[in-house]
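The structure under discussion appears below in the form of structure tokens.
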Amino acid sequence: MTSFFTHLECTRTGSHYNVDGLHNLSAEGAPLFARYDLDAVRHTMSRDDLAGREINMWRYRELMPLRDGDQEITLDEGFTPLRTATRLGDWAGIPGLLIKDESVNPTGSFKARGLSGAVTAAAARGARKLAIPTAGNAGGALAAYAAAAGLESYVFMPQDTPSAFQIEARSCGAHVELVDGLISDCGRIVGERKEAEGWFDVSTLKEPYRVEGKKTMGYEVAEQLGWELPDVVIYPTGGGTGLIGMWKAFEEMEHLGWVEPGHRPRMVSVQAEGCAPIVRAFDSGAESAEPWQDARTVASGLRVPGAVGDFLMLRALRESGGTAIAVSDDEVLAASHDFAR
């Protein structure tokens, strides 16, 4: 395959970085985005060329951060079902409601996408030890993909992380350390120790490739809907990589001519009332989000008091004409039963 992956770009300044070597944040402390020669992709392939390809997220390999000779680390993640939710939609007053069912990914959540992308890139660039702070699902995903690549993984979780997540990571060979604090405290420990320990930090948006795995949700939704985009995407938001990645995918598809320009979905971020920094920043008109103090919620994956990609989430919400809302834990639990019925 010819690689169309051209460079990495700072999301604040637009400055460029080469695609070789291991990168975390830009010199300005901002996430890096992978960029592609989209004009060349457009003239080389069409969306019709996807027919007959493997049924996983790497079917979009021309738009993934693979250099010539790189081999993806995959467990067949992605291309998850887009389920029609007619009864739920009728009950909620939302005709045409669809649910992207990420629970069928190899490690049980959409985190498999991001960690497939991150581990693929890290392994190809010579990393041997990978470290991650996690509220649960990402730790198990890193452990699984690191095992598939023959790499060591180091997972830092809050002490009160549900035991199933701890067991999953350990069963895949990860070194798991429980921390008396939140995911932000876990991230601080990774940052303080990574140089001495020889770890590569694969924290959310602190390396360029997890978001590339997550963006494939956007490509899949478009393909599954016959290359028409939905009106609205409702997204539960912790670190927000999936929301940011989908917005990036919609932009790329417009440039490729795969979807009609100017008809991107409105993006809606949903957070827990006990940890809602993006909602607060959106409502106040701020361009970035202040860290949330004393974060707490039963939805452990949403307990992210400060996200490095906060400004990217807020930008996507506003550019799309979307919004951000917070819901109580009682509403979360009640709704889970309503959805199941």
Side-chain angles (χ1 to χ4, degrees), residues 2-44 60-68 70 114 117-118 120-122 124-125 187 191 200-219 235 237 239-259 261-262 264-265 267 269 277-278 281-282 285-290 306-322 324:
T2 299
S3 173
F4 297 95
F5 178 27
T6 57
H7 64 278
L8 297 168
E9 180 180 282
C10 174
T11 51
R12 284 198 185 276
T13 66
S15 54
H16 288 193
Y17 295 75
N18 68 52
V19 300
D20 299 317
L22 292 164
H23 294 281
N24 285 121
L25 298 175
S26 72
E28 294 77 21
L32 295 170
F33 270 179
R35 296 300 189 190
Y36 307 88
D37 186 346
L38 296 178
D39 289 331
V41 175
R42 183 170 186 166
H43 289 101
T44 302
Y60 309 108
R61 59 172 50 87
E62 288 88 349
L63 300 153
M64 296 291 279
L66 294 169
R67 303 167 302 174
D68 290 335
D70 285 352
T120 291
R125 289 161 178 77
F200 180 62
D201 183 358
V202 292
S203 302
T204 299
L205 285 169
K206 288 187 179 178
E207 58 77 56
Y209 303 113
R210 283 177 69 176
V211 69
E212 293 302 290
K214 303 281 186 68
K215 83 176 182 185
T216 59
M217 289 186 289
Y219 280 94
Y235 203 88
T237 307
T241 319
L243 187 153
I244 294 165
M246 292 181 80
W247 192 244
K248 183 176 188 288
F250 300 147
E251 178 184 29
E252 290 175 356
M253 284 187 282
E254 280 189 1
H255 193 109
L256 292 167
W258 289 9
V259 297
R264 296 189 214 173
M267 307 299 285
S269 168
I278 300 303
F282 182 85
E287 294 184 3
S288 60
E290 291 295 320
V308 68
D310 55 355
F311 69 101
L312 296 171
M313 282 186 271
L314 292 164
R315 184 185 299 170
L317 295 177
R318 290 176 177 134
E319 287 179 355
S320 71

Any donor-acceptor pair under 3.5 Å linking the side chain of [X] with the backbone of [Y]?
X	Y	answer
R125	D20	no
S26	P31	no
E9	A34	no
N24	D201	yes
T13	C10	no
K215	L63	yes

Considering all heavy atoms, the nearest [X]-[Y] contact:
X	Y	answer
Y209	G117	CB-O, 3.7 Å
A307	M313	CB-CE, 3.7 Å
A122	F200	CB-CD2, 4.1 Å

Any [X] side-chain heavy atom under 4.5 Å of [Y] side chain:
X	Y	answer
L314	I278	yes
E287	D310	no
E62	T44	no
R315	W247	no
R210	T204	yes
E207	H23	no
V259	F250	no

Would you call D70-R67 a salt bridge at under 4.0 Å N-O?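 R67 and D70: salt-bridged.
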Flag the pair E251 and K248 as a salt bridge only when some basic side-chain nitrogen lies within less than 4.0 angstrom of an acidic carboxylate oxygen.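 Between K248 and E251 there is no salt bridge, as every charged N stays at least 4.0 Å from the carboxylate O atoms.
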Other residues, nucleotides, ligands: >12 heavy atoms within 6.0 Å of E319 CD: yes
How about E28: does its CD atom have over 12 heavy atoms from other parts shown lying under 6.0 Å from it? yes
Please confirm whether R35 makes a cation-pi placement over F5, using NZ or CZ under 6.0 Å from the six-membered ring centre and within 45° of the ring normal.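 No, R35 and F5 do not form such a contact.
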Walk me through whether Y219 and M253 qualify under side chain to side chain contact (heavy atoms under 4.5 Å, CB included). CA-CA 8 Å; Y219 280 94; M253 284 187 282; 3.3 Å; yes
Nearest 0.5 Å, what's the [atom1]-[atom2] distance between [X] and [Y]?
X	Y	atom1	atom2	result
E254	L38	CD	CG	11.5 Å
L205	L32	CG	CG	10.0 Å
R61	T2	CZ	OG1	12.5 Å
R42	W258	CZ	CH2	11.0 Å
E212	T241	CD	OG1	11.5 Å
L243	S320	CG	OG	8.0 Å

Please report the C-alpha distance between F4 and Y36 in whole Å, then the side-chain angles of each, then the deciding distance to 0.1 Å, and finally whether the ring-ring contact (aromatic ring centres under 6.0 Å, His included) criterion is met. CA-CA 5 Å; F4 297 95; Y36 307 88; 8.8 Å; no
Go through it in stages, so that I can follow the logic: the residues are F33 and L312, the test is side chain to side chain contact (heavy atoms under 4.5 Å, CB included), and I'd like the CA-CA distance, side-chain angles, deciding distance and then a yes or no. CA-CA 11 Å; F33 270 179; L312 296 171; 4.1 Å; yes
